[in-house]
Amino acid sequence: MRDLASQLAQVKTVAIVGHVRPDGDCVGSCLATYNYISAWFPQIQADVYLEPIPNIFKFLKNAEKIQSSCDSDQTYDLCIVQDCGDVGRLGAAVKYFETAKKTICIDHHVSNDNFADENYIFPDTSSTSELIFELIEEEKITKEIAECIYVGMVHDTGVFQYSSTSARTMNAAGVLMEKGINFSQIVDDTFYTKTFAQNKILGQALLNSRLCQEGAVIATAISQEEMKRFQVLPKHLDGIVSQLRVTKGVEAAIFLYENDDGTWKVSMRSNGKANVADIAIKFKGGGHVRAAGATMEGAPEDIIGRLCAEIERQLHD
Ligand code: AMP
Ligand code: MN
Ligand code: MN
């Protein structure tokens, strides 16, 4: 696949889908594709399916067109899966993937197992949004499309900070800035600004944290009871693991929060020596070398112990 336009020839209906609990890159890249198709291929019926998105992303053009119910039994000529490394992470929208005449996956997860008919997977690229930038014609990137792509790039690079950020990322960001987007407001409003409740639960997570493996790993957990007490939802816990990661001296950070069913959502971050994607894959999760996740069962202390043992093994190999 060289560009998105050639994939759209002869296509009358398209479903765009991302991963469960969509993050900035997932929302940004899916809406970029949706806005590109609706602006330049108005004859195509495009639908975008994502679980409810965080409010901070609702300013993006056509965010209100996102469908979170998958009740419709429509089948599509093409299903484009974005920012999703395996079929299990499609959630309820998997039915549109399974029934589409053709499927394409555009993604950057090292754990991606090439599950679509056509796979455009670049694990070294900072974000799926950066891949979308490369797949659409520069002159067809409207200001609204630029905002979507910029949001995705900002979120998956930690504001152009993580090692996945490349000269190509920065060149793309430069092109997007020239489209007239309010880049500093996008960063402030979608990345740095937190509600009072979010700051309080970050504080609680830090108070709960402890060092393991002689200071090489920092780990913490937030229970359902704490989420209720601080009146926050899982989508409000973004950024906690990043704050853990910047603790002086640590090689890796582990953050757990309790799901409704008593299982634990695991987020891991590495400062370079540990490969957290490999560890996440061992526990049926996935992700990137320096940022990965999984869902695990058991007491949080045991889960942290199992993950720490894996990190310890890697660090001493
Ligand atoms: P998170 O810690 O949730 O911010 O996720 C870090 C990275 O790992 C993201 O790229 C996610 O898409 C990926 N990831 C998180 N949880 C899972 C999971 N259960 N299965 C596969 N990939 C995951
Ligand atoms: Mn994502
Ligand atoms: Mn991504």
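Both counts, for ligands and for their atoms, begin at 1 and track the order of listing. Residue indices begin at 1 and follow the sequence shown.
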At a non-hydrogen distance cut-off of under 4.0 Å, which region of His288 contacts ligand 1 (side chain, backbone, both, or neither)? side chain

Counting N and O atoms only, with roles assigned by atom type, does the side chain of His236 sit under 3.5 Å from a partner on the main chain of Leu233, one being a donor and the other an acceptor? yes

Any N or O of Arg89 that comes nearer than 3.5 Å to an N or O of ligand 1? yes

Looking only at protein heavy atoms, which one is nearest to atom 19 (N) of ligand 1, and how far off is it? Ala294 CA, 3.5 Å

How close do His288 and Val276 get, heavy atom to heavy atom, and via which atoms? O-CG2, 3.8 Å

Under the salt bridge (charged side-chain N to carboxylate O under 4.0 Å, His left out) rule, what pairs show up with a residue in residues 175-195, not counting sequence neighbours? none

Numbering as shown, the atoms of ligand 1 that approach Ser267 to under 4.0 Å (heavy-atom distance): 1 (P), 2 (O), 3 (O)

If I take every N, O or S atom of His19, is at least one of them less than 2.8 Å from the Mn ion (ligand 2)? yes

Got the closest protein heavy atom to atom 21 (C) of ligand 1, with its distance? Gly286 N, 3.1 Å

Tyr76 and side chain to side chain donor-acceptor pair (under 3.5 Å): which single residue from Thr13, Asp47, Thr99 fits? Asp47

Quick one, Ile80 with Val17, criterion side-chain contact (heavy atoms from CB on, under 4.5 Å). Give me CA distance, side-chain angles, the key distance, then yes/no. CA-CA 6 Å; Ile80 308 177; Val17 299; over 6 Å; no

Heavy-atom pair of closest approach, residues Val20 and Leu90: CG1-C, 4.1 Å

Counting only heavy atoms not in Gln231 (residues, nucleotides, ligands), do more than 12 fall under 6.0 Å from its CD? no

Could you tell me whether ligand 1 has any atom less than 4.0 Å away from a heavy atom of Lys265? yes

Shortest non-hydrogen contact from Ile106 toward Thr128: O-CG2, 3.5 Å

His109 heavy atoms within 4.0 Å reach ligand 1 at atoms 9 (C), 10 (O), 11 (C), 12 (O)

Test item, Ala292 contacting ligand 1 (heavy atom, 4.0 angstrom): yes

Tell me, yes or no, whether the heavy-atom count around Glu225 atom CD, taken from other residues, nucleotides or ligands under 6.0 Å, exceeds 12. yes

Numbering the atoms of ligand 1 from 1, which are under 4.0 Å from a heavy atom of Ala291? 6 (C), 7 (C), 8 (O)

Atom 6 (C) of ligand 1: the protein heavy-atom neighbour that sits closest, reported with distance to 0.1 Å: Arg269 NH1, 3.7 Å

Decide whether an N or O pair under 3.5 Å exists between Asp23 and ligand 1. no

By number and element, which atoms of ligand 1 are closer than 4.0 Å to a non-hydrogen atom of Gly287? 8 (O), 13 (C), 22 (N)

To which protein heavy atom is atom 15 (C) of ligand 1 closest, and what is the distance rounded to 0.1 Å? Gly293 CA, 3.5 Å

Return the set of protein N, O or S atoms whose distance to the Mn ion (ligand 3) is under 2.8 Å, each given as residue and atom. Asp25 OD2, Asp83 OD1, His108 NE2, Asp156 OD2

Kindly determine whether Glu251 and Arg269 satisfy salt bridge (charged side-chain N to carboxylate O under 4.0 Å, His left out), including the steps that lead there. CA-CA 9 Å; Glu251 289 298 339; Arg269 298 292 183 269; over 6 Å; no

Test of ring centre spacing under 6.0 Å for Tyr150 and Phe160: yes

Got a donor-acceptor contact below 3.5 angstrom from the Gln224 side chain to the Glu258 backbone? yes

When you measure from the side chain of Asn112 to the backbone of Cys84, do you find a donor-acceptor pair of N or O atoms at a distance under 3.5 Å? yes

